[in-house]
Amino acid sequence: MSKKKTRITILAVLLLLFLAPRMAAADMIGYEALLTGRTDSPVTVSLSSPAYKSLAQFGQERTESLNRLLKHIAVSVSLDGEITETTIETDGESVCSWIETDLDSVRRTVYSFDPETGYDQADAETVGDSPAFAAFLEDHFFLLNRLLDDLYPVFEKSASAFQDKARKTTTNISFRGYGRGVRSLIIPIPDEYVKAHFPDALADLAETEESRSFISGLVFSGTQKIVLLYDQEDHLLRINYDGTVGLTPESMRKVSVVWRCLRTDGIKKDNLTLKTPSVKGNDRYNAIYTREIDLSDSAKHTVTWDLQIDLKEDQVRKKIQFSADLATADGAVGGKAVFSEKQDGAENRITIIPALKKENSAEYSGTIEITGNSGKIVTSSSETAIRISAGRELTMPEIRTAVSSDAVALQDQISGILIRRLLLLPPEDLDYLTLDIPDELWDSLAQSIF
């Protein structure tokens, strides 16, 4: 095995482990973190003793040799608002760490091996093939959930903000699990008003900086229409929105939103249908999303969701589904989440099964299973020990210089540091690295690394 392939393999394992932290931290830091990717208080997720049950490219002996190596490796991820700190350990000792945060449209990272330099990477940049699931969480799932939470009050306030344009109608329509609508408020916003006052008139209704910034960055064209449906208690039951909107004048979309919503003590439910075909061309971003957080039963809390996305951009078409059914009862967290991506007739799927028990008021521990499929073929199956505990406050360190990130070189540096530490392990646990390499070549390789 070449040094390059060794590094790639180890990094692939570590990247797989990085997918888990936000998924498993549900109960301790609130189910909202599962959906939004954000925590209200610092939390630390530690992953250790990873073990593969199977790897499609390896036989049993090769897989066992990898597990003997991986049992020495642990990853700790600490989250505090917009700051994340990641530490790689071998046998309880830190190998290297890095801390990062977003600065406008730039991701700044400071590494333990170069603590006086900040490495900046534009949000749009990627390194190699970013794991599809990790990219989906950041670019689609977390963002969509935050927007649902943040845009609800925007539409709620639009009733009074545009009352001079609204007309009321009575109706009688029921939705199972949501209630019965008895009154509608129809708000057509004419093109002249849109040209003069949008997006500011909508952005002023936002309650968070992220949603205000999102709305302010939109381009609106033509008449916009909002329809609000209320129940007998005057609770908002359904939101309809139709209009031509884009991120730029060249990327306008015909946006149609049908959004059932329920907000009561202990229960939050949403059923969203979103269609956004391009005004020019055949691009689209269509989504059907249902989610429910039920905290009404003190003995059992549940969160479920099902997100389906039909995405077409230029010649690339993808169908994505991400569903989950998770619950907390008697101090245990369990359930299952499944991510699937279909493209060009091929399907890749990841199944995540957490099994956690409450250790004390601020800590959970257990395991998390991750199984990867390509079509019907199991490509990997692993189980990792996981511990979730209250974290510490994080602050970005002061730096002397900021430079553009050379992500590939930094990955090579991290993997080099890790390999040097692994070479200190007992020889019987280094089979994975040394197998099929002559002793003379391995000795030479080891010396060159040090």
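Quantities reported herein were computed from a predicted structural model and do not represent experimental measurements.
One finds the NZ atom of Lys269 at 4.5 Å from the CD atom of Glu292 (value rounded to the nearest 0.5 Å). In this structure, OG on Ser48 lies 11.5 Å from CD1 on Ile73, to the nearest 0.5 angstrom.
Considering every non-hydrogen atom in both Arg212 and Ala203, the closest pair reads CG-O, 3.7 Å. Ile368 and Ile386 make their closest contact through N-CG2, 4.2 Å (heavy atoms, listed as atom of the first residue, atom of the second, distance). The minimum heavy-atom distance between Ala402 and Asp120, with the atom names listed, is CB-OD2, 3.8 Å.
Ring geometry for Phe58 versus Tyr432: interplanar angle over 60°, hence perpendicular rather than tilted (30 to 60°).
Side-chain atoms of Asp80 never come within 3.5 Å of backbone atoms of Ile83 as a donor-acceptor pair (strictly under, hydrogens ignored). A donor-acceptor distance shorter than 3.5 angstrom exists from the side chain of Asp231 to the backbone of Glu233, with no hydrogens or angles considered. Remark: side-chain polar atoms of Asp297 are paired, donor with acceptor, to backbone N or O of Ala299 under 3.5 angstrom. Using modelled atom types, one side-chain atom of Asn67 and one backbone atom of Tyr52 make a donor-acceptor pair closer than 3.5 Å. When atom types are taken as modelled, the side chain of Thr248 and the backbone of Ser251 share a donor-acceptor pair closer than 3.5 angstrom. Of the possible polar contacts, none joining the Thr87 side chain to the Ser97 backbone as a donor-acceptor pair under 3.5 Å is found. In this structure, Lys342 contributes its side chain and Lys318 its backbone to no donor-acceptor pair below 3.5 Å. In terms of modelled atom types and a separation under 3.5 Å, the side chain of Arg317 and the main chain of Lys312 share no donor-acceptor contact.
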Please step through salt bridge (charged side-chain N to carboxylate O under 4.0 Å, His left out) for the pair Glu93 and Arg421, ending with a clear verdict.
-> CA-CA 10 Å; Glu93 295 185 5; Arg421 180 64 66 88; 3.7 Å; yes

Where do Glu341 and Arg349 land on the salt bridge (charged side-chain N to carboxylate O under 4.0 Å, His left out) test, with the steps shown first?
-> CA-CA 6 Å; Glu341 183 179 81; Arg349 187 168 69 255; over 6 Å; no

For salt bridge (charged side-chain N to carboxylate O under 4.0 Å, His left out), just list the numbers for Asp310 and Arg284, CA-CA rounded to whole Å, side-chain angles, deciding distance to a tenth of an Å, and then say yes or no.
-> CA-CA 8 Å; Asp310 181 5; Arg284 63 178 175 273; 3.2 Å; yes

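Donor-acceptor pairing under 3.5 Å is recorded for the side chains of Ser78 and Thr44. His301 and Asp294 share no side-chain donor-acceptor pair at under 3.5 Å. Under the 3.5 Å distance criterion, with hydrogens and angles disregarded, a donor-acceptor pair is assigned to the side chains of Asp270 and Trp259. A donor-acceptor contact under 3.5 angstrom links the side chains of Ser340 and Glu347, judged on distance only. Using a 3.5 Å distance cut-off with no hydrogens or angles, the side chains of Ser213 and Ser216 do not pair a donor with an acceptor. No donor-acceptor contact under 3.5 angstrom links the side chains of Glu100 and Thr84, judged on distance only.
For Glu64 and Arg62, the salt-bridge test fails: no basic side-chain N is under 4.0 Å from an acidic carboxylate O. Between Glu428 and Arg68, none of the side-chain N atoms (NZ, or NE/NH1/NH2) sits under 4.0 Å from a carboxylate O, so this pair counts as no salt bridge. A salt bridge does not link Asp325 to Lys336: none of the charged side-chain nitrogens sits closer than 4.0 Å to a carboxylate oxygen.
Taking 4.5 Å as the limit, some side-chain heavy atom of Arg263 sits within range of a side-chain heavy atom of Tyr152. Contact check for Ser382 versus Pro50: no side-chain heavy atoms found under the 4.5 Å cut-off. Here the side chains of Gln321 and Asp306 are in contact, with some heavy-atom distance below 4.5 Å. With a 4.5 Å cut-off on side-chain heavy atoms, Trp98 and Val110 do not count as touching. Contact check for Trp305 versus Leu326: side-chain heavy atoms found under the 4.5 Å cut-off. Using a 4.5 Å cut-off on side-chain heavy atoms (C-beta onward), Phe155 and Val227 make no contact. Taking the side chain as every heavy atom from C-beta outward, Ile88 and Cys96 approach each other to under 4.5 Å. Contact annotation: the side chain of Ile215 approaches that of Leu151 to within less than 4.5 Å [non-hydrogen atoms, C-beta and beyond].
The side chain to side chain donor-acceptor pair (under 3.5 Å) with Tyr119 is formed by just one residue from the set Asp114, Thr401, Thr109; it is Asp114.
Taking the six-membered ring for Trp and the full ring otherwise, the centers of Tyr285 and His140 sit less than 6.0 Å from each other.
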Return all side-chain donor-acceptor pairs below 3.5 angstrom for residues 141-150, not counting sequence neighbours, or 'none' if the list is empty.
unit_1 : atom_1 : unit_2 : atom_2 : d
Asn145 : OD1    : Tyr289 : OH     : 2.8
Asn145 : OD1    : Arg291 : NH1    : 2.8
Asn145 : ND2    : Leu35  : O      : 3.1
Asn145 : ND2    : Phe141 : O      : 2.9
Asn145 : ND2    : Tyr289 : OH     : 3.3
Arg146 : NE     : Glu210 : OE1    : 2.9
Arg146 : NE     : Glu210 : OE2    : 3.1
Arg146 : NH1    : Thr36  : O      : 2.8
Arg146 : NH2    : Glu210 : OE2    : 3.0
Asp149 : OD1    : Lys268 : NZ     : 3.2
Asp149 : OD1    : Arg291 : NH2    : 2.5
Asp150 : OD2    : Thr208 : OG1    : 3.0

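Taking a 6.0 Å sphere around CD of Glu313, one finds it holds 12 or fewer heavy atoms contributed by other residues, nucleotides or ligands.
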